[in-house]
Amino acid sequence: MTKILRISRRNQEKSEIEAAAEILRNGGLVAFPTETVYGLGADALNPRAVKKIFEAKGRPSDNPLIVHIGNKKEIYKLAREIPEETERLMEKFWPGPLTLVLKKSKAVPKVTTGGLDTVAIRMPKHRIALSLIKKSKVPIAAPSANLFSRPSPTLAEHVIEDLHGKIEAIIDGGKTKIGVESTVLDLTTDPPTLLRPGGITLEELEEFLGEVKVHPALKGKKIKKMDFKSPGMKYKHYAPNANVIVVEGDCRNVKKKVQQLADKYRKEAKKVAVMTTDKNHSYKADLIKFVGREFNAIAKNLFKTYREFDEEKANIIIVEGVENKGLGFAIMNRLKKASCKTIKV
Ligand code: TXA
Ligand code: MG
């Protein structure tokens, strides 16, 4: 049975979080909100508990997990050969949506890191997440709390949809603030390498660090299997059931192309959904959803909109691309990973 722990009134919080922490300490699984998306947590140092995460999600065992900590000092127990810029990065961006990849210490079991010699660590910026980690007194391994390859959950309802009956508890803390996952930065290379764009932008990191390498897979280059630094890179991800087509380019051309595609697929009797960033659009399709105009709003609504389109049984989702800068880089990355094709116009 999965307990749903609703946290709305502050006075309830203590006992709910204590109950969840106890489950984690005893090797169970608890889904909890962070500032990015909901995570599916287990004691990161307990191999049996961590194994259950992979089973519940149906996640391939070579895809490593992020270890969440509640105190910056914890990093010294989990990692070794910590490069000089790490502390500056922690000071500037933690707690927050930045995950740092470092050489792992012996304390971290291999199942947590998918067999790698490195460990990904972050300190989330969320009252419930931090208090859960502190109360449980263990670092918490947590991937996004969705079934493998499904869109990440930004509401407890999404977690319930995917994982109810498979885990011990779900903490419902409402809608997550950012909506896309953390930025993953590999500090074992010099300069550091961006492995996944996310809540902290590449521009912010470049300004702070001077130089940041962007992994070639993020630039759309075809990569040999061996060269996937972050195993998550090689899998289809964040995807709704419907086929996603992303159209990118000049705004007016994009709109024309989106409508052409919608017309074409509707003629083939497909249920066509359009995701737009223009409130005053004039699209004709079976389902149309406005996700917001600014990057912040789009990121926040993206995964939720995919799930809504799935519920309404869309066959094809046509999405307007966004500019590949700032948070737009993370948005485009998630759109492309979920899509069967990207069309440039
Ligand atoms: O915002 C987030 O990061 C959320 C919340 C719950 O914290 N978590 C999340 O976890 O997105 P997950 O497991 O869905 O994505 C983790 C990503 C994967 O792409 C994985 O391959 C990469 O981080 N990763 C983890 N450990 C790594 C390592 N040692 N080296 C390289 N990449 C790693
Ligand atoms: Mg994920």
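Keep in mind that this is a model prediction, so the values were computed, not measured. Every number for a ligand or one of its atoms is a count from 1 in the order of the listing.
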Atom indices of ligand 1, in the order listed, that fall short of 4.0 Å to a heavy atom of G39
6 (C)
Can a non-hydrogen atom of E35 be found less than 4.0 Å from any atom of ligand 1?
no
Any side-chain donor paired with an acceptor under 3.5 Å for S15 and E18?
no
Answer side chain, backbone, both or neither: which part of T113 comes under 4.0 Å from ligand 1, heavy atoms only.
neither
E181 to ligand 1: N or O pair under 3.5 Å?
no
I want to confirm something. Looking only at heavy atoms, which of A141, S182, A120, G199 is nearest to atom 26 (N) of ligand 1?
A120
Any Lys/Arg nitrogen of R127 or E13 sitting under 4.0 Å from an Asp/Glu carboxylate oxygen of the other?
yes
Please determine if T36 has a nitrogen or oxygen closer than 3.5 Å to a nitrogen or oxygen of ligand 1.
yes
Give the atoms of ligand 1, by number and element, whose distance to some non-hydrogen atom of T118 is under 4.0 Å.
28 (C), 29 (N), 30 (N)
Atoms of ligand 1, numbered as shown, that sit under 4.0 Å from any heavy atom of L65
25 (C), 26 (N)
Close-contact set for ligand 1 against S144 heavy atoms, below 4.0 Å:
8 (N), 9 (C), 10 (O), 12 (P), 14 (O)
How does V101 reach ligand 1, if at all, at less than 4.0 Å between non-hydrogen atoms: by side chain, backbone, both, or neither?
side chain
Checking R88 against F208: charged group under 6.0 Å from the ring centre and within 45 degrees of the axis?
yes
When you look at CD of E323, are more than 12 heavy atoms from neighbouring residues, nucleotides or ligands closer to it than 6.0 Å?
no
Where ligand 1 meets H68 - atom numbers and elements under 4.0 angstrom, heavy-atom basis:
5 (C), 6 (C), 7 (O)
Tell me which one of I140, L116, T112 gets a heavy atom nearest to atom 28 (C) of ligand 1.
L116
E248 and T342 side chains, donor-acceptor separation under 3.5 Å
no
Just wondering, are more than 12 heavy atoms of other shown residues or ligands nearer than 6.0 Å to NZ in K175?
yes
Closest to atom 25 (C) of ligand 1 among G115, P64, G41 (heavy-atom distance):
P64
Say you draw a straight line from CD1 of I160 to CD1 of I4; how long is it, rounded to the nearest 0.5 Å?
4.0 Å
Side-chain heavy atoms nearer than 4.5 Å, only ILVMFWY residues, links allowed to pass through others: does that put I23 and L29 together?
no
Is there a polar contact between ligand 1 and N63, counting only N or O atoms under 3.5 Å apart?
yes
Specify whether an N/O/S atom of S152 falls short of 2.8 Å from the Mg ion (ligand 2).
no
Measure R59 to ligand 1 on non-hydrogen atoms and call it side chain, backbone, both or neither using the 4.0 Å cut-off.
side chain
I'd like to check whether R122 has a polar contact with ligand 1, where a contact means an N/O of the residue lying under 3.5 Å from an N/O of the ligand.
yes
Polar side chain donor-acceptor pair, S182 to T99, under 3.5 angstrom:
yes
Please tell me whether L302 and I317 are part of a single hydrophobic cluster in this structure, the criterion being side-chain heavy atoms less than 4.5 Å apart.
yes
Which is it for A142 and ligand 1 at heavy atoms under 4.0 Å: side chain, backbone, both or neither?
backbone
Can you label the angle between the Y283 ring and the H281 ring as parallel, tilted or perpendicular, going by 30° and 60°?
parallel
